[in-house]
Structure formats: structure tokens, C-alpha cells
Amino acid sequence: MRYYDKLVFELGKSGRVAFSLPEAKTGAVIPAELRRSSSPALPELSEVDVVRHYTNLSQMNFGVDTGFYPLGSCTMKYNPKINEEIASMPQWQGIHPLQPDSTVKGVREVYGKMERCLSAITGMARFTFLPCAGAHGELTGLMLMRAYHESRGDSARIKVIVPDSAHGTNPASAAVCGLQIVVVKSRPDGRVDVDDLKPLLGPDVAGIMMTNPNTLGLFERDIKQIAQLVHDCGGLLYYDGANMNPLVGVVRPGDMGFDIMHLNLHKTFSTPHGGGGPGSGPVGVCEKLADLLPSARTSAYNGNFSVILKAYAYILMLGRENVRMAGRLATLNANYIKESLKDVFKLPVEGVCKHEFVFDGLIDDGSSTGQNGATTLDVAKRLLDFGFHAPTIYFPMLFHQSLMIEPTETESKETLDSFIEVMHKIAMEAKNDPSILHNAPHNAPVGRPDETLAARQPVLKFTV
């Protein structure tokens, strides 16, 4: 057993300590009802044991700084370290949200300039920075949608239309907001079926939630017609900004007809994310909804300022001239991988994609179980052995063996070529010796845990 295979509790030995603090002389008296009756059950380790344990754990993590991270619809792009340096400056680190406005003029200036940047990029009139994540932004935007209709005395609009290819957060956010979800189908080419949309529209529709390009990485060419149809029935258009990366500086959601949108600053504008944070999901609105923004108090204070600051630094670093190149390079990278692998992986929708695309598993070899029974999960697990993070799998649910790949613009051709080579190797293994895939990963610290058991019967605490 390796040193870091043990829990920190298992490494402890009675009497070992990693610190020596002087006796506290504060004079404070803790009330008896708040005192422990016994010492907390904490592990007892030396300093070197603690350092080695957590250093080894940190080396087990996978991140953009350690390898290629093609996680579809997540835009796991490299974060320039200057962003972190700027956000770590003491001038920002020492501020407090309860300071008087007169003492944080620099912070207020960042918020104001960032709002102007995002408005110029998206075509929205105003932004609020309160939401602390993309889904939080969705909820905020839907609350604004409801508030708009109610302000006009139109309380009958209780339905939100969601494409069948949408991110799972879309219907979840609508449900939390007390709205009913109506699904609109996609055509065989992966885009919203306008003919299926038309009969869904009516006086009870609050709006439609879409992302463009959609979850298949395809641009919704009928977006102007969709916007006209929804507006004609009195509804609003909500733009899920999760896939905004390829459009920055090229096309604006406001010009497409969207009324409300959120941006994932931690995706499109290069802040590291994953594992629950950090995040920022500012919400933008068109002019007719701008007066509703002050009532959108969905978090304390002014949102996640450090993420906003990093995103602002990223935008300034690229500048007006270069910001549009990010999305174009992301689109180029995605199409390069797609075209290089479609001989061994099923491509359900042909044509040029934007920043991401979806395969439907390995191409069938004619056997009763497809490619010798090799599944998308097998491919994802095997990729770990080669130092690549797995793409998003089994989503979107339009296909049985979905494999969603998003390379982002920050990856070099050499990295993409290495990934393509490994994917071809995996396809050959599936054909010639599928047991290699079925038993992967072979080199990871953890192999194939029982994920169902972990979800249904999680072990959340250590017991001696």
C-alpha cells in the first residue's frame, strides 16, 4: 500500500504533534454549555507526515496546469498566471464588503468597466454581478423573466420552453423558479425544430432557454426566426452563456434577439474552476428589463469579486483586437480533432462545429455488441492511462454513447495530435483486445469504484 492510500486518520499515532503553540492568555471564558466534554477525534501526526500526506494528495489531482482537459461544455482553458497575480495583489486582498463606498473606489471602477466590457461583447444593456455560478445566474435570469411578466400584470406565463439538447441546469433552474418545463425537439441535424416549436407557443409561455451554439456545438441558424416567434407570443429569450466562448467578438446574443443571459466568467474568461468553484455568473438584460436589475438580490454583497477581477484582466490582456481570436482558434481546434477521429468514432451530425462536438461512441465493427463491447465509459477510463482528462460522457442524452469533446483555444497542435494519436490507439485496442479497455485505468491511483454504491451509500466519516 502506498503512503497516500491511507486516510490521514490511519497515519496518526497517539502522542505525535505537528505544532507547538504558546498557552493562550486572552482572558476569554468559554461558557460551560459550549465546551466539549472530550477532546475532538483528530489525527495525531508529525509535521512531515502532514506535509507528505497532503502533498501526495495534491499530486493526484488533474487540472489544466497538468494536462489536456477536453471536458465538453465546460471550457477548461488555461488561466494565464498574471490573472492570479493581479487578483492576489494586497490592494484587492485587504478589502472588506462592509467598507464605505468612498474607500473602495477602485473596486467600483472595476465593476463599472467590466459591465461596459460585457455589454459591448454581448449586446446587453446592463449586467448584475451578484450570481456566483452559471446555474445561479440562470435562476437569477429566470426570476427576472417572471418579474418582467408580473410587472405587466401577466401572471399567466408559467411555462418555459427548453430544447431537448439543453444543459441539465436549464430545466432544473426553471423548476426551482416555479416554472413548468416544456421540451422542444431537435431536428436530425441537431438544431431546434422550428415546426415543433410553433404549436408550443402561446399566452402561457414566459420564454425559451437556449444556448447558441447548442450543446452539440452547432450554431442555431434559425435563431432570428425563433426569436421572432417567441417575441410575437409575448415571451422572452434566455441565453445560457455556457457556450459563449466561440462567439466572443464575433456574434452577440443581444443581436440574435435574446433578452436575458448569463455568462460563466470562470469558463469564457479564463478563471480556473471545477470542484464547485470559484465561479461567477453575471446576468445581462436588454434595455426593457434594465430597471428590474436592482431587485435581483440573489447573493450577499457584490458577487465573487476575485473571479470578476481575473476575467477583467483577461479581457484587457487580449484587447478588442484579439479577443475574437480565442473563439476562432477554439473552433479550429474542435474541427481539427473531429475530422481527425471521425474514421473511428461515430459522428452523428456532419458539418462544421463550433467550440465542441459530440461523437456517439466507437464505429460499429459489425459484432453483436458494437466495437467488441467497448463503451464510451471504457474509452474515458482508458484515456486516464495516457495522462488526458476524459471528455464529458453520456451527455447530451440525444445519443446512446455520447462523447463530448471541447479542446479550447489554448491547446497547441502538438497536444491535439497527441490526443488524436491516443484516441486512435484506443480504437485499435477496442478492436483487437477490448479487455484492455474494460479493465482501464491501469495506472491511476483509483480504478473503477462502484459509483452507484458510492452515490446511494456514501461513507462520509472515518470510524475507528
Side-chain angles (χ1 to χ4, degrees), residues 1-67 69 71 74 76 79 81 84-85 87-88 90 92-94 96-97 132-133 136 266 271-279 299-300 304-307 310 377 380-381 383-390 439-464:
M1 179 178 285
R2 293 162 297 191
Y3 186 87
Y4 50 84
D5 282 337
K6 291 185 177 182
L7 297 174
V8 69
F9 290 92
E10 297 174 287
L11 297 172
K13 298 292 182 181
S14 179
R16 289 185 183 171
V17 294
F19 62 90
S20 178
L21 298 176
E23 183 178 350
K25 297 181 180 180
T26 62
V29 178
I30 300 175
E33 63 271 18
L34 299 179
R35 299 178 200 164
R36 291 180 175 273
S37 58
S38 59
S39 299
L42 299 175
E44 299 177 75
L45 297 92
S46 66
E47 180 175 326
V48 66
D49 288 333
V50 173
V51 170
R52 285 176 179 169
H53 178 71
Y54 287 105
T55 299
N56 280 313
L57 286 181
S58 71
Q59 293 172 346
M60 294 169 65
N61 289 339
F62 193 100
V64 177
D65 287 357
T66 58
Y69 212 132
L71 200 63
C74 290
M76 303 295 286
N79 177 55
K81 294 301 171 275
E84 296 293 330
E85 293 179 16
S88 299
W92 308 116
Q93 291 287 309
H96 192 281
C132 295
H136 197 194
H266 49 284
T271 291
H273 64 286
S299 69
N304 196 339
F305 177 66
S306 66
V307 178
K310 293 173 193 177
L377 178 64
K381 293 291 187 181
L383 272 170
L384 304 181
D385 287 327
F386 296 96
F388 293 118
H389 194 284
N439 296 313
H442 302 276
N443 305 321
V446 178
R448 294 203 180 196
D450 188 329
E451 296 173 0
T452 302
L453 183 65
R456 299 294 175 84
Q457 301 179 33
V459 179
L460 302 177
K461 64 180 181 178
F462 175 74
T463 303
V464 180

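Here Lys13 does not pair with Glu44 in a salt bridge; the nearest charged N to carboxylate O distance is not below 4.0 Å.
Of the possible polar contacts, one joining the Gln93 side chain to the Ala87 backbone as a donor-acceptor pair under 3.5 Å is found. Side-chain atoms of Arg448 come within 3.5 Å of backbone N or O of Ala440 as a donor-acceptor pair. Between the side chain of Asp385 and the backbone N or O of Asn443, at least one donor-acceptor pair lies under 3.5 Å. Between the side chain of Thr55 and the backbone N or O of Arg52, no donor-acceptor pair lies under 3.5 Å.
Within 6.0 Å of atom CD in Glu84, more than 12 heavy atoms from other residues, nucleotides or ligands are found, so the atom counts as buried in its surroundings. For Ile30, the CD1 atom is loosely surrounded, since the number of other residues' heavy atoms within 6.0 Å does not exceed 12. No more than 12 heavy atoms of other residues, nucleotides or ligands lie within 6.0 Å of CZ in Arg456, so this atom counts as exposed by the packing criterion.
In this structure, Asn79 CG and His266 NE2 are separated by 12.5 Å, a value rounded to the nearest 0.5 Å. To the nearest 0.5 Å, atom NE2 of residue His53 and atom CG of residue Leu7 are 7.0 Å apart.
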### Task
Would you sort out whether Asp49 and Leu11 count as a side-chain contact (heavy atoms from CB on, under 4.5 Å), showing the intermediate values?
CA-CA 8 Å; Asp49 288 333; Leu11 297 172; 5.7 Å; no
#### Entry: Candidate pair Lys81 and Asp65, rule side-chain contact (heavy atoms from CB on, under 4.5 Å), full reasoning
CA-CA 10 Å; Lys81 294 301 171 275; Asp65 287 357; 3.3 Å; yes
